[in-house]
Amino acid sequence: MTRVGIIGLGRMGMLHMMNCQKIETVKVVAAADSSRKALNKAKAAGVDKLYKDYHNLLNHVSDIDAVVISLPNFLHFECIQLALENGLDVFTEKPMANTVDECHEIVKMAEKSRGKFMVGHCMRFVDAIEKMKKNLERGIIGRLEVATIEEVINGPFSHPRVPAPVSDWWFNPKKSGGGALLDIGYHMIDLFRFFAGDSKVVFSCLDHKFNLPVEDGAIVLLQSSNSSTKGIVNVGWYQQTIFPKYNFRVILHGNAGFLTSDDLVPHNLYLHAVKEGTRNVLRRIVRRKIRPLSYTYYYESFYKELAHFFYCVENDLDPLVSAIDGLRTVELIHEAYEEFQQEPVG
Amino acid sequence: MGSVVSLVRVKRSAEDIIDAVSEAFDLINFEPDASVKSVAIKPNLCYYWDSDTGYTTDPRVVAGIIDYVRERCGEDVDIKVVEADASAMRTKYAFPVLGYEKLAKEKDVELFNLSKDVLVDKTVHVNKREISFRVPQLLLKSDLSINVPKLKIMRATKITCAMKNIFGCIGAPRKVVYHPFLNEAIVGINKILRPHLTIVDGLVALGRFPAKLNLIMASADPFSIDWVASQIMGYKPSRVKYLKMAFNEKVGDPEGVITRGAEIAEFAKLFPKEGLLSTGFLWSLQFQLLKTYKKIVGDIIPPVLEE
């Protein structure tokens, strides 16, 4: 049984905590957050050791084997550093740090550490993406020429049912490390690397429609380092969409055909929820393990990435996403920022 | 007694909007007092979605109002565009995001966060309920206050327009505390704050989805505006709870509400009305089903859906 501490109990941290509690080999024993309300929720969920300051959680490492880090971006580096120094297994939300230098340091630390390390590249675990990767590797579209990958959503502007202001750090480039490109473009760039291997930035265009210090939209052209494959990444925070509407798609254009995520994701998420929900009810009746979050389709990827990480921890395997992946993605984002500064458009 | 409500159809160029604003003012025979020295203009900046989504007031409508006021009251009149922080919105972001910083620069007006003003405690009684508000002093002192709402449907109150935009003037950001008795709170704040003029940005209205109505409305009475607006949005005004309550509390009176300019029907046919099953009802139903499923199966509801 892996004893886990959850660091940061915002929306993502809370989801990670709930997901961990569904993994049979994991026990959530501790949680840290500056919000008392969040800690009370963790307590109600059966977490024993609660800390207002995550440093205190990391001072009690004899009680835990692993941590799941979901802090605001600017706190990732220090927290990862402390966890790795203590030999813990570390799962962290992306980006693992805001600067390329810090990411390099994490790579070194992760290599030295006896613990496992994984960055949350959840989009790789979406069912449709897994199927596209398999089909691409089977060669059914021939040689991959161009990948168009896009996600335009509301980003930090999603309006919760109980209204609360967007935290200031989102709009402070020093704390967030960037805007829409770093937030969701990160995943799209990682997906391009997932399909086409390592890459470089050819062109980038950033948007500031919201007149904020961080970009609210970005278009980036990528080129694979070891083939002629190009990638077009289009991301934005500017669209007022509410789940289950989810404006995300990947199209892989090969010389023998194409694959599109639109063909693989459920066309009607309500019907999908009913179907998957019914399956889980039946699984419960026959006392089989349910598939957590499968009814939401997309959110299941958050469960799957954590389940994968803890499977690797239990079986001493290397996780699918390494610190190098985290570093390369941040490097490409910084390349895109620099490219835009050199060649401003509009 | 109700007031005259003007309805003006507008093309969407900046010049046409300015002309439509003037026409809407003229149709209600609005003549600002020559002694006006300070003006507060309150748009609806409830969140960070810009005017094309139907959520917030188009800065071009506010620009038209500024031009009109300067023309009638003189160039040296002190004009402030005001908004208060809300439970989920902060004016420090809403002003730049929604184009108001640019407007303030172009028109040389001040942007003012009502939540940072001196807040005066006021208590009123509505429907036998005592309700306290923290009201920005500026709005009690301005020579001319102009309310610039949007035309939207809302789960809790059916419609949101002039009277609900006044609710947005409450200085304390956490207005969500009033939501359990929102109808009473809307009527209550309208007992305290009475804008001299309301001019509705109906360029894009928000029903089931955003729709270009290309409408500007004006009136000296927020109640009269909402009485007409509810008809555009497909609701019988007497069935809108806060309007009924406002009448009972003598905040407004439908008697004497008349329209001038374009016809209500012209805009009503364009407004994307709520279906038989409201989105609010469907959302609540989905959520209840989800909670039942969670209880039976022991699955997870992502916090983003549950909050």
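Quick note on labels: first sequence line is chain A, next is B, and so on, each numbered from 1.
The two residues Ser87(B) and Pro165(A) come nearest to each other via the heavy atoms O-CD, 3.0 Å. Of all the heavy atoms in Tyr48(B) and Phe157(A), the pair that sits closest is CD1-CD2, 3.4 Å.
Counting heavy atoms from C-beta outward, Thr53(B) and Tyr238(A) have side chains that stay 4.5 Å or more apart. For the pair Leu290(B) and Tyr295(A), the minimum side-chain heavy-atom distance is below 4.5 Å.
Within 6.0 Å of the NZ atom in Lys273(B), the count of heavy atoms belonging to other residues, nucleotides or ligands exceeds 12. More than 12 heavy-atom neighbours from other residues, nucleotides or ligands sit within 6.0 angstrom of CD on Glu110(B). Counting heavy-atom neighbours within 6.0 Å of Arg283(A) CZ, excluding the residue itself, gives a total above 12. By the neighbour-count criterion of 12 heavy atoms within 6.0 Å, atom CZ of Phe181(B) is densely surrounded, having more than that number from other residues, nucleotides or ligands. Around NZ of Lys209(A), the count of heavy atoms belonging to other residues, nucleotides or ligands within 6.0 Å exceeds 12. Environment of CG in Asp121(B): crowded, with over 12 heavy atoms of neighbouring residues, nucleotides or ligands closer than 6.0 Å. Counting heavy-atom neighbours within 6.0 Å of Lys289(A) NZ, excluding the residue itself, gives a total above 12. At most 12 non-hydrogen atoms from other residues, nucleotides or ligands lie less than 6.0 angstrom from NZ of Lys291(B).
Expressed to the nearest 0.5 Å, how far CD1 of Ile300(B) lies from OG1 of Thr296(A) amounts to 9.5 Å. Rounding to the nearest 0.5 Å places CG of Asp50(B) at 11.0 Å from CD of Gln240(A). Atoms CH2 and CG, from Trp49(B) and Asn154(A) in turn, are 5.0 Å apart once rounded to the nearest 0.5 Å. A distance of 8.5 Å separates OH of Tyr293(B) from OG1 of Thr278(A), quoted to the nearest 0.5 Å.
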- Message: One pair to check against side chain to side chain contact (heavy atoms under 4.5 Å, CB included): Asn211(A) and Val97(B). What are the steps and the verdict?
- Response: CA-CA 5 Å; Asn211(A) 307 304; Val97(B) 166; 6.0 Å; no
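Only the backbone of Arg291(A) comes within less than 4.5 Å of a heavy atom in chain B; its side chain stays farther off. Only the side chain of Leu212(A) comes within less than 4.5 Å of a heavy atom of chain B; its backbone N, CA, C and O stay farther away. Heavy-atom distances place the side chain of Phe171(A), and not its backbone, under 4.5 Å from chain B. For Gln21(A), no part lies near chain B; criterion is any non-hydrogen pair under 4.5 Å. The part of Gln286(B) that comes within reach of chain A is its side chain, from C-beta onward, which places non-hydrogen atoms under 4.5 angstrom from that chain. Looking at Leu293(A), the atoms closer than 4.5 Å to chain B (heavy atoms on both sides) sit in the backbone and in the side chain alike. With a 4.5 angstrom heavy-atom cutoff, Tyr270(A) touches chain B only via side-chain atoms. Using a 4.5 Å cut-off between heavy atoms, Trp170(A) makes no contact with chain B at all.
Between Lys92(B) and Asp168(A), at least one side-chain nitrogen of the basic residue sits less than 4.0 Å from a carboxylate oxygen of the acidic one, meeting the salt-bridge criterion.
Between the side chain of Arg11(A) and the main chain of Pro303(B), no donor-acceptor pair closer than 3.5 Å is present. Between the side chain of Tyr299(A) and the backbone N or O of Ile301(B) there is no donor-acceptor pair closer than 3.5 Å.
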